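Note sheet for the following structure.
Here the structure is a predicted model, which means the values were calculated and not measured. In what follows, every chain begins at residue 1, and chains take the letters A, B, ... in the order their sequences are listed.
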There are 2 protein chains.
Amino acid sequence: MLKLSKLTDYAAVIMAQIARDPDHAHTASELAARVKLPHPTVGKTLKMLSKGGLLESRRGSHGGYVLSRSPSDITASDIIAAIEGPIGMTECSHADGDCELLDTCGVAGNWQRVSQAIRTLLDGVTLAHLAQSSPLKLPVQLPIQSVTLPSAGEALREH
Amino acid sequence: MLKLSKLTDYAAVIMAQIARDPDHAHTASELAARVKLPHPTVGKTLKMLSKGGLLESRRGSHGGYVLSRSPSDITASDIIAAIEGPIGMTECSHADGDCELLDTCGVAGNWQRVSQAIRTLLDGVTLAHLAQSSPLKLPVQLPIQSVTLPSAGEALREH
DNA sequence: ATAAAGAGGACTAAAATGGTCCTATATGGA
DNA sequence: TCCATATAGGACCATTTTAGTCCTCTTTAT
């Protein structure tokens with residue numbers, strides 16, 4: 001279902017919490033309590049976000065985590081990539097893909113375009129957006145169809 | 001990684017095969033040979049696509065599968081939904097979600113918007129697009145940012 | 001020194017996924 | 001009519017992925 005993993009989901013919620021109070025460090029236990037999830041799980045998630053460069057950590061007493069950039073400079077793509085690795089719909093979406101069906105497949109290139117479009121979309125959603133409590137006011141119909149369809153209709157007739 | 005399942009991947013390839021030769025029925029064995037995948041797996045995939053209303057099946061000798069609509073009326077969303085169920089990034093993206101963290105979460109509504117945007121994007125990609133052998137010529141940068149960002153920046157300052 | 005924190009990784013349990021196979025049913029043709 | 005060829009619909013198992021826990025080590029403020 002193109003679903004995010006639970007960990008990614010947690011990550012978003014946790015990042016949003018931090019973003020709403022960005023001026024001091026937050027510990028794993030504090031966040032676990034606020035988000036009502038078990039401490040070890042929250043800890044793990046925070047470590048991944050930190051490794052992914054989205055959080056700065058401070059060890060020792062009075063330690064914790066702080067955003068490494070402003071909420072508007074952290075994107076949904078960043079968060080997803082930190083937990084799940086590079087975003088792509090198919091094996092062959094990333095460079096290292098070694099799909100031996102490539103010749104019979106015939107759709108690889110097109111899926112890659114679609115992946116790219118989704119990535120671009122997620123690049124446009126920032127932590128600042130996610131953290132705001134009232135829903136984002138995106139237009140229900142994005143003008144994507146008008147971008148992809150005309151060229152596509154013609155392209156179909158190319159061969 | 002927002003990845004499609006392998007089955008969905010197969011489904012797309014198989015649908016594309018059929019779309020390229022839409023005028024007669026294709027059997028599971030024929031498609032399996034063409035796509036170089038095991039017959040049982042292809043059979044399973046075809047059954048799902050048929051149950052999902054994307055293929056019409058004819059039983060018995062000279063049976064097989066035909067597209068139930070024209071390739072330009074079958075979308076990537078349709079294919080994904082037929083194999084993986086409703087498209088949504090999070091549990092709470094669909095109506096039946098029963099996430100008990102909703103109050104502490106604070107990002108649910110926003111993820112739902114993002115899901116919706118992705119769905120809209122995938123609605124705009126048809127089987128006709130996927131089936132064409134030369135890559136879709138989507139602009140690398142879709143103008144999504146210019147749609148989502150301005151309103152979002154203001155929305156942030158609302159509270 | 002000590003208590004409070006994160007780093008890193010090993011480990012287990014549970015769930016999803018991929019893949020196979022079997023039986024039943026429908027259809028066309030000899 | 002009978003047979004070969006298809007799909008329909010599940011049951012089933014193996015594998016992988018995911019979620020979650022735990023332990024030990026290092027860092028840091030008091």
Test side-chain contact (heavy atoms from CB on, under 4.5 Å) applied to B:Met15 and B:Leu130, step by step: CA-CA 9 Å; B:Met15 290 292 281; B:Leu130 291 177; over 6 Å; no
Per B:Ser61 side chain, nearest of listed nucleotides C:dT27, C:dA4, D:dT18: C:dT27
Worked verdict on A:Arg34 versus A:His26 for side-chain contact (heavy atoms from CB on, under 4.5 Å): CA-CA 11 Å; A:Arg34 276 223 250 160; A:His26 300 264; 3.4 Å; yes
5′-ward residue of the pair A:Gly60/B:Gly60 relative to DNA chain D: B:Gly60
Contact under 4.0 Å: B:Tyr65 side-chain N or O vs D:dA8 OP1/OP2: yes
Sorted by number, the residues of residues 41-59 of chain B with heavy-atom contact under 4.0 Å to DNA chain C: B:Thr41, B:Lys44, B:Arg59
Short side-chain donor-acceptor distance under 3.5 Å, A:Gln116 and A:Arg119: yes
Stepwise side-chain contact (heavy atoms from CB on, under 4.5 Å) test for B:Asp78 and B:Arg69: CA-CA 12 Å; B:Asp78 291 333; B:Arg69 299 175 245 146; 3.4 Å; yes
Spacing between A:Asp9 atom CG and D:dG20 atom P, to the nearest angstrom: 11 Å
Whole-Å distance separating the NE2 atom of B:His62 from the P atom of D:dC3: 19 Å
Any A:Tyr10 side-chain nitrogen or oxygen under 4.0 Å from OP1 or OP2 of D:dG20: yes
A:Asp9, A:Ile79, A:Thr45, A:Leu55 screened by side-chain contact (heavy atoms from CB on, under 4.5 Å) with A:Ile14, the one that passes: A:Thr45
Whole-Å gap separating P (D:dA19) and NZ (A:Lys3): 11 Å
Distance, rounded to the nearest Å, where A:Leu2 contributes CG and C:dT17 contributes P: 12 Å
Smallest separation among heavy atoms of A:Val107 and B:Ala12, with atom names: CG1-O, 4.3 Å
Between D:dT17 (P) and B:Leu7 (CG): distance, integer Å: 15 Å
For atom NE2 of A:His39 and atom P of D:dG20, their distance in whole Å: 15 Å
Spacing of B:Ile14 atom CD1 relative to C:dG19 atom P, expressed in whole Å: 11 Å
Evaluation steps, side-chain contact (heavy atoms from CB on, under 4.5 Å), between B:Met89 and B:Val114: CA-CA 8 Å; B:Met89 300 183 72; B:Val114 177; 3.6 Å; yes
Gap between atoms NZ and P, on B:Lys6 and C:dT17 respectively (whole Å): 13 Å
